[in-house]
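Read the structure below first, then the notes.
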Amino acid sequence: MLNPLILMLFGAASIALGVAVYAWRARPAPGSTALFLLNMLIALWTSGYALELLQIDLPNKIFWAKVQYPGIAFVPTLWLIVALQYTGWARWTSPIRLGVLSLEPLLTIGLAWTNEHHGLIWATVALDTHGGFPRMEVIHGAWFYIHVAYAYGALLLSTVLFLRFLRHRPPLYQGQAGALLVSVIAPWIANGLTALVNPFPRVVFDLTPYGFVVSGIALVWGTYRFRLLDVTPIAHEMIVESMSDGLIVLDAVNRIVDLNPAAARMLNLDRSQVLGRPAREILAPWSELVARFRDVLEAREEIALGEGKARRFYELQISPVQDRSGRVIGRAIVIRDITQRRQMELALEERERFLRSLYEILGAALKTPDLRSMLQVLADQLGGILGADGCYITLWDERTGLPIPMAAYGPMREIYPTLHAEPGEITATESVLRAGHPLPIEDVFNTPFLSPKIAAQFPTRSMLALPMIAEGKWLGGLLIAYDSPHQFAEEEIARGEIMARIVALAIAKARSLEEARSRWQEADTLQQAIEAVVEAPTLTEMLQRILEQLRRLIPYDSASVQWLREGYLEIVGQSNLPESTMRLRLPIPGDNPNTRVILERRALILDDAPAAYSSFREPPHDRIRSWMGIPLIVQDRVIGMLALDSHQPGFFREDHLRLIGPFVNSAAVALERARLLEEERQRREELNQLNRDLEAFAHMVAHDLKHPLSVIIGTAEFLERELGALPLEDLRDSLRMIDRAGRKMHRIIEELLLLASVRYTEVPRKPVAMEAIVAEALERLEPLIAETGARILLPESWSSALGYGPWLEEVWVNYLSNAIQHGGRPPIVELGADSLPDGRVRFWVKDNGPGIPLEEQARLFAPFGIRSRHAGGHGIGLSIVRMIVEKLGGEVGVESDPGQGSTFWFTLHAVSEDG
């Protein structure tokens, strides 16, 4: 069972460890780190002494005695560090000073661990076996007493700091400091008792570690009762010394008992010479204020000290100082320098008066009828406000790059608007606009910002040039002039900037009103134009009205409306262009400006069209010098464009685009609507025509299928009835009739299926080998060619075109079979191909037949419009040709004169050179 004395030591170590943990968590409170290290070393000291007492042999006791020495050496030093940091003297714990304080403890530890060589800590060491347990009996060496002196000094200084701190502190801080003071004194007292209970110079039992039991309890009490390290004090001296406000403390008889550095600086006093002296004597330069506030206990007032530029403004506050019984023992005077704030207030008041006057002037100026009158009012009033000899307002002409004198105040008032600057002369207006900030010119004859020739025309010697800029746009310059040399202060320049901004805003507003009136007139014209276009009854009339109304907005020389098709633009309306341009097709993409407008989806202006594109150097476009293209966009889809031409270079401007933008948008919507209505009308007509065609088709199919079917049925019945009696040759003739009738029915059905499939099928268009396709068609017609003895004349070469081979084979079969069946006897059929200027190829078949009457030619390709040119024809072959060719983007037609034969043709898009 452990001895209670040893248990007390382990208890003290446990308390110290607990306080150490609390101190570590309280960082960075003043003294927390030092308090953590202190309690860790106390725990080492007390637990080490307990383990020393538990040992029964001397070597082990000596070891544990050495283990204690970090605590024995450093605890007094750490108590001093805690006291310094807690009581507001942390500046004395700089790294250098801490290093100096650590030298003695470190040396003591080293001597303890090497004592066997010198005996400076323990001169003799023995084992005392008397009492309840063996103890180490020592006689200390010389260094031990040096350390004791150092330790007592550190503890004494710590005690003094805590005692001094206890005075005039709130109860909370008094409790904290009291707990710390007890924790310092307890082990010190225990150490003193050790000297009394041990026979000097021998030490058998050390009571110092038991003092840490009381120390630990005191620290725990200070932690939980007075929130030690949670709420730490700030030294009164720190606050007073670091105050930016001046503080003067007077006693009951008005003697100065305290004065902080801020007050000394404000009043230009030496602290060492004023303390204890009467206030009326020290503050004699301000005797009026001293007399005024001599017996005043409480006051708060603004005062001014000094004269002229040295004048300072202060806020003076007087408060009574009372002792604990509530008796007034003096007064505290706080002086706060408010000079900067007061100066700002005065400047703001002055600027407010200035701005109020400025806005009154602006209000009067804006009531004038025109821009020049408004600027004259501003020049007169601004010159008067500033007390200047002259005030000039100049506008900037962006087109010519020259200033325009508008208004003046002073002797040049009447002359100034008539002046003008020559190109190349340096003007103050241009200089300040290029600089973008005010230019104070103290000598107008010695500055790079103004030509001496211009300066000589005015009595001005100094000038403040101010730029007038609004929304990044140069408006002009405001020039404030003085006839004698003048230096411009910052406030003067700042006011000038405000005036320049106000004038710039007034100019911008006046111009905006003028522009608004102009825009209103444009809008009225635009509205009329849009109404005229929208109310057009037909698409053709709408195209014409678009071009007419467009001329009212922009006086072009020629124009066109172009519709976007698949792969090209087609001119569908034109004004002042040759008639040949109608239906002209421009490839997209292609080497033309129209391609840029369509692909980039934005307007394009060419100031010199022939220089940009060679097509403008050739008829019919060779008269065009400038060109503008605007896309027609509906629901984010480009449907075409407008092209405007002028015979003048650089005629079209960005303003034109802004002007006609709404018109073009409305025209695009109206055109698209009209086109859709036109397409709907055409679809209805086509549907009606299709219904008529279907009715005719039904009759035709019934008639055409009825004949071969009757042949098949009749022949079959005949064979069934006469089969046994028929000669072999008659039987063969009957079977041939059935075969021919069946083949005819099969051909009719195949053509009907092809007709139906072409209407709804989409096929890829790619380069085709026309020579091979014609050869396939002729192979299919070999029986007919042999039967009629027809001659087929083929060209030496074929032009390349875009199409779909299987469909084109049907086209050739229909054209060739018609030419063979309706040609002369024998039929002579010639085939050929021609390249057209618009990028298409025209393929044709010419026969030597009797020709086709003119009235029949127009209805020849209409579905079922004419049954056929020979008896028994079913009338759908040419309908199929037309549908196929149009599906492939081409056209069909016929040329025929009675007695001269007929030429049937169709067109396809040619293959471009780049593939």
Side-chain angles (χ1 to χ4, degrees), residues 693 696-697 700 703-704 707-708 740 743-744 747-748 750-752 754-755 770-771 773-796 798-799 807-834 836 841-886 890-908:
D693 290 344
F697 173 70
M700 186 244 349
H703 178 273
D704 285 355
H707 175 70
R740 283 195 298 272
R743 289 180 181 276
K744 186 173 183 179
R747 187 167 65 255
I748 293 172
E750 286 293 326
E751 288 181 341
L752 289 174
L754 179 60
L755 181 64
M770 198 61 75
E771 183 176 2
I773 292 173
V774 171
E776 290 289 337
L778 290 173
E779 184 177 347
R780 288 172 57 183
L781 294 173
E782 279 184 357
L784 181 61
I785 294 172
E787 180 182 342
T788 59
R791 288 179 56 200
I792 308 299
L793 305 178
L794 299 175
E796 293 182 0
W798 292 91
S799 299
W807 284 5
L808 290 175
E809 185 178 326
E810 295 298 328
V811 172
W812 285 110
V813 167
N814 273 282
Y815 271 5
L816 288 168
S817 62
N818 276 340
I820 293 171
Q821 292 174 9
H822 305 301
R825 290 292 178 263
I828 300 175
V829 180
E830 184 179 359
L831 284 67
D834 303 317
L836 301 181
V841 179
R842 180 175 178 268
F843 298 94
W844 48 269
V845 176
K846 183 177 182 180
D847 62 42
N848 60 343
I852 305 171
L854 185 62
E855 62 273 11
E856 292 186 7
Q857 292 180 21
R859 296 181 289 122
L860 194 60
F861 289 92
F864 320 117
I866 298 178
R867 289 178 47 78
S868 180
R869 292 185 291 158
H870 67 285
H874 50 81
I876 63 173
L878 294 181
S879 299
I880 293 174
V881 168
R882 176 186 174 188
M883 291 185 65
I884 287 175
V885 172
E886 289 183 351
E891 297 175 346
V892 297
V894 61
E895 299 171 359
S896 180
D897 292 321
Q900 300 298 319
S902 301
T903 301
F904 284 80
W905 55 266
F906 67 92
T907 63
L908 295 174

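Counting begins at 1 with the first residue of the sequence.
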Say you draw a straight line from [atom1] of [X] to [atom2] of [Y]; how long is it, rounded to the nearest 0.5 Å?
X	Y	atom1	atom2	value
I792	I785	CD1	CD1	4.5 Å
T903	I852	OG1	CD1	9.5 Å
M883	E810	CE	CD	13.5 Å

Going through the distances and angles, do W905 and E891 end up as a side chain to side chain contact (heavy atoms under 4.5 Å, CB included)? CA-CA 8 Å; W905 55 266; E891 297 175 346; 4.3 Å; yes

Is there a side-chain contact between [X] and [Y] in this structure, where contact means two heavy atoms from C-beta onward sitting under 4.5 Å apart?
X	Y	result
V845	N818	no
F843	V885	no
L808	L908	yes
M770	V841	no
S817	Q821	yes

Which pair of heavy atoms, one from [X] and one from [Y], lies closest together, and at what distance?
X	Y	result
I820	R825	O-NH1, 3.7 Å
L831	V774	CD2-CG1, 3.6 Å
W844	A833	NE1-N, 3.6 Å
W798	G832	CZ3-O, 4.0 Å
G849	D847	N-OD1, 3.0 Å
P826	N848	O-ND2, 3.4 Å

Taking side-chain hydrogen bond (donor to acceptor under 3.5 Å, both in side chains) as the test, write out the residues that go with E830, two or more places apart. none

Sequence-distant partners of S896, side-chain hydrogen bond (donor to acceptor under 3.5 Å, both in side chains), two or more places apart: S902

Can you label the angle between the Y815 ring and the F904 ring as parallel, tilted or perpendicular, going by 30° and 60°? tilted

Please say whether more than 12 non-hydrogen atoms of neighbouring residues, nucleotides or ligands are located less than 6.0 Å from CD in E886. yes

Atom CZ of R780: over 12 foreign heavy atoms under 6.0 Å: yes

